[in-house]
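The block underneath contains the structure these notes are about, expressed in structure tokens.
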Amino acid sequence: MQQRSASTAKNLVRKIWNHHNQIQSLKRPPCDVFINHRCIDTKRTISGLLFDHLSRLRLHPFLDSKNMRPGDKLFDSIDRAIHECKVGIAVFSPRYCESYFCLHELALLMETKKRVIPIFCDVKPSQLHVKDNGRCPPKELQRFAYALEEAKYTVGLTFDTLEGDWSKFLTTAAEAVVHNLIEVDGEETHKERKYFMKNYF
């Protein structure tokens, strides 16, 4: 009788752990790198390849077309990923500034003081301008213009999709991401240490 009770208890514990592991596997991993891009321009090329490359390095990139599921609220999911991320990648393409969502994401990355790596894909920084199409409030336009100027004056990468070396570019971009992640982690550790020293000593 005692052996049966012990066996039943073990089975129950095993079931609870299996259930716990299933729940854990359903949870989304934290976002290390947020990829800001104009989906129609770069989803199947530079942004999609970069997402796959970073995933193979066991990082947790966020790309809307890969991470979002049916039923997800667009702004909620994207804004949460931006707040959680450590580093942002802004993939600028010739028609990037036509997208409200791209500019909103870029502005939020800048406003939350994230490290942003600009990638100028088939476009020069001087060609990027926020356009007033009459549908966006002036305050939003100002917010977008400020974020765009800040990104344009940040050291980034350039890539020509017709003549560039894809393999070399992906390696260079991944190295830049890893370097920035290491620096951000170092800064966070330093802040935590200072907070601990200040509050406990």
Side-chain angles (χ1 to χ4, degrees), residues 31-54 59 61-68 74-75 77-79 81-83 85-181 183-184:
C31 172
D32 292 318
V33 187
F34 184 90
I35 303 174
N36 162 245
H37 72 299
R38 189 169 190 267
C39 195
I40 202 167
D41 292 348
T42 65
K43 177 179 78 171
R44 292 182 181 165
T45 56
I46 198 165
S47 299
L49 289 170
L50 198 50
F51 175 90
D52 292 339
H53 195 73
L54 294 172
L59 297 174
F62 182 96
L63 187 68
D64 53 8
S65 59
K66 301 265 189 180
N67 294 78
M68 292 182 66
L74 199 59
F75 280 108
S77 299
I78 286 170
D79 290 4
I82 289 172
H83 281 282
C85 82
K86 295 178 178 179
V87 172
I89 297 174
V91 182
F92 294 107
S93 51
R95 296 178 62 197
Y96 174 96
C97 292
E98 293 175 22
S99 167
Y100 175 87
F101 289 104
C102 287
L103 293 166
H104 166 74
E105 291 169 10
L106 181 66
L108 194 54
L109 282 165
M110 295 303 184
E111 287 159 2
T112 51
K113 306 288 182 198
K114 301 295 180 180
R115 287 274 184 109
V116 176
I117 302 167
I119 296 176
F120 301 100
C121 179
D122 298 330
V123 68
K124 292 177 183 173
S126 59
Q127 294 173 305
L128 296 165
H129 302 284
V130 175
K131 293 164 191 165
D132 185 359
N133 58 12
R135 289 179 293 181
C136 201
K139 199 172 179 180
E140 285 281 85
L141 288 173
Q142 190 177 14
R143 181 176 165 247
F144 296 162
Y146 177 77
L148 188 61
E149 285 306 303
E150 198 174 339
K152 283 159 68 171
Y153 290 101
T154 302
V155 177
L157 303 169
T158 58
F159 189 66
D160 182 325
T161 54
L162 294 177
E163 296 181 16
D165 182 331
W166 283 92
S167 178
K168 186 179 175 185
F169 170 76
L170 289 170
T171 301
T172 303
E175 284 173 359
V177 168
V178 170
H179 174 75
N180 277 275
L181 282 171
E183 285 196 350
V184 168

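Quick note: residue numbers are just sequence positions, from 1.
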- prompt: Should L49 and F169 be marked as a side chain to side chain contact (heavy atoms under 4.5 Å, CB included) after you check the CA-CA gap, both sets of side-chain angles, and the distance that decides it?
  reply: CA-CA 11 Å; L49 289 170; F169 170 76; over 6 Å; no
- request: Ignoring hydrogens and angles, state whether a donor on the side chain of E175 or H179 is under 3.5 Å from an acceptor on the partner side chain.
  value: no
Taking side chain as C-beta onward, heavy atoms only, is [X] less than 4.5 Å from [Y]?
| X | Y | value |
| --- | --- | --- |
| C85 | L109 | yes |
| L50 | L170 | yes |
| M110 | R143 | no |
| F62 | I78 | yes |
| D160 | D122 | yes |
| H37 | I119 | no |
| R135 | N133 | yes |

Looking at [atom1] of [X] and [atom2] of [Y], how far apart are the two atoms once the value is rounded to the nearest 0.5 Å?
| X | Y | atom1 | atom2 | result |
| --- | --- | --- | --- | --- |
| F92 | L157 | CZ | CG | 12.0 Å |
| L106 | E111 | CG | CD | 9.5 Å |
| F34 | E105 | CZ | CD | 4.0 Å |

How close do [X] and [Y] get, counting heavy atoms only, and between which atoms?
| X | Y | result |
| --- | --- | --- |
| C121 | V91 | CB-CG1, 4.3 Å |
| G48 | L63 | CA-CD2, 4.0 Å |
| L148 | C97 | CD2-SG, 3.8 Å |
| C31 | A81 | SG-O, 3.8 Å |
| A90 | V116 | CB-CG1, 4.0 Å |
| R115 | E183 | NH1-OE1, 2.7 Å |

query: Hey, does the side chain of K152 reach the backbone of L128 with a donor-acceptor pair shorter than 3.5 angstrom?
result: yes
message: Looking at Q127 and K124, would you say the former's side chain and the latter's main chain have a donor-acceptor pair under 3.5 Å?
response: yes
query: Between F159 and W166, what is the ring plane arrangement, given parallel below 30°, perpendicular above 60°, and tilted in between?
result: perpendicular
field: Reference residue F144; test ring-ring contact (aromatic ring centres under 6.0 Å, His included); the match among F101, Y100, Y96
entry: Y100
query: Only one of N36, T42, D41 clears side-chain hydrogen bond (donor to acceptor under 3.5 Å, both in side chains) with S47; which?
result: T42
- request: Take V123 and R95, measure what side chain to side chain contact (heavy atoms under 4.5 Å, CB included) needs, and give me the verdict at the end.
  value: CA-CA 9 Å; V123 68; R95 296 178 62 197; over 6 Å; no
query: Please walk me through it: do L54 and D32 pass side chain to side chain contact (heavy atoms under 4.5 Å, CB included)?
result: CA-CA 10 Å; L54 294 172; D32 292 318; over 6 Å; no
